[in-house]
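Below: one structure, written as structure tokens.
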Amino acid sequence: MAELPELEQLYKTYRTELYRYLCFLCRDPHRAEDLLSDTFLRAIQCAPAWQGGAVKAWLFGLARNIWREDLRRRRQALPFDDALGLTEDAAARQTLDRVRALLEAKGPPASQVVRLRAAGYAYAEIAAKLKITESSARVLEHRTRRWLQTTLQKEGLWHDEGL
């Protein structure tokens, strides 16, 4: 069994890159800090089972898994509109209601893919859940979001918040 470098050295070497990666994933610097701490705690717990290989890839894999676990925990507490990132103001509420109606009209599997992505599922998880390919999930999400944006722009409801 290979020996894992000292945790302090790993922290000094990879903390900045891991933090940036987690910020990219969760888009929240404070949450990224918490996830970074969780990543290194998990590294301590998993160190005895580490079988060698690229330490950086291992740490980034741990970080990604911790982020996914965090999404799953939060998904149970967040409604769909919060997952889309829309605020509580009246205009955003109107847009959200329209997005829901449009997704309902679009129907499965396109609406399911968008809802699952908004809830934090990875494309691979969506593909398995809907029994489609990962590539199909990506294409469906892209096309559906583009269709939503175009439709909302035509209706004057698009405000560049991003979907």
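Just so you know, these numbers come straight off a predicted model, no measurement behind them.
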- Task: Applying side chain to side chain contact (heavy atoms under 4.5 Å, CB included), run through Gln149 and Arg145 and close with a yes or a no.
- Result: CA-CA 6 Å; Gln149 181 180 358; Arg145 284 180 180 260; over 6 Å; no
Taking the side chain as every heavy atom from C-beta outward, state whether [X] and [Y] have any atom pair closer than 4.5 Å.
X: Val99; Y: Val114; value: no
X: Leu71; Y: Leu25; value: no
X: Glu8; Y: Lys12; value: yes
X: Arg42; Y: Glu69; value: yes
X: Pro109; Y: Gln112; value: yes
X: Asp34; Y: Asp70; value: no

Nearest-0.5 Å distance, [atom1] of residue [X] to [atom2] of residue [Y]:
X: Phe60; Y: Leu22; atom1: CZ; atom2: CG; result: 8.0 Å
X: Glu33; Y: Cys26; atom1: CD; atom2: SG; result: 10.0 Å
X: Phe40; Y: Leu59; atom1: CZ; atom2: CG; result: 5.5 Å
X: Leu35; Y: Arg68; atom1: CG; atom2: CZ; result: 13.5 Å
X: Leu36; Y: Tyr14; atom1: CG; atom2: OH; result: 14.0 Å
X: Arg115; Y: Glu141; atom1: CZ; atom2: CD; result: 13.5 Å

Verify whether one side chain among Glu155 and Thr151 offers a donor that lies under 3.5 Å from an acceptor in the other.
no
**Prompt:** Taking Arg20 for the side chain and Glu17 for the main chain, is one N or O donor matched with an acceptor at less than 3.5 Å?
**Reply:** no
TODO: Let me see the working for Trp147 and Leu102 under side chain to side chain contact (heavy atoms under 4.5 Å, CB included), right down to the final yes or no.
DONE: CA-CA 9 Å; Trp147 172 76; Leu102 289 169; 3.8 Å; yes
Taking the six-membered ring of Tyr123, is the NZ or CZ of Arg117 close enough (under 6.0 Å from the centre) and on axis enough (within 45°)?
-> yes
Consider only side-chain heavy atoms of I, L, V, M, F, W and Y, link residues closer than 4.5 Å, and tell whether Leu18 and Ile44 are in one cluster. yes
Hydrophobic clusters here meaning ILVMFWY residues chained together by side-chain heavy-atom distances under 4.5 Å, can you tell me if Val113 and Val139 are in one? no
Restricting to non-hydrogen atoms, name the atom on [X] and the atom on [Y] that form the minimum distance, rounded to 0.1 Å.
X: Ala110; Y: Thr144; value: CB-OG1, 3.2 Å
X: Ala43; Y: Leu62; value: CA-CD1, 3.8 Å
X: Ile126; Y: Ala137; value: CG2-CB, 4.1 Å

Practice task
Could you check Glu104 against Arg100 for side chain to side chain contact (heavy atoms under 4.5 Å, CB included), going step by step and ending with a plain yes or no?
Solution key: CA-CA 6 Å; Glu104 186 72 29; Arg100 283 186 175 136; over 6 Å; no
- Please lay out, stage by stage, how Ile132 and Leu140 fare under the test side chain to side chain contact (heavy atoms under 4.5 Å, CB included). CA-CA 10 Å; Ile132 59 175; Leu140 278 170; 4.1 Å; yes
- After noting the C-alpha distance and the side-chain angles of Gln9 and Thr13, does the key distance pass the side-chain hydrogen bond (donor to acceptor under 3.5 Å, both in side chains) rule? CA-CA 6 Å; Gln9 184 59 42; Thr13 304; 3.0 Å; yes
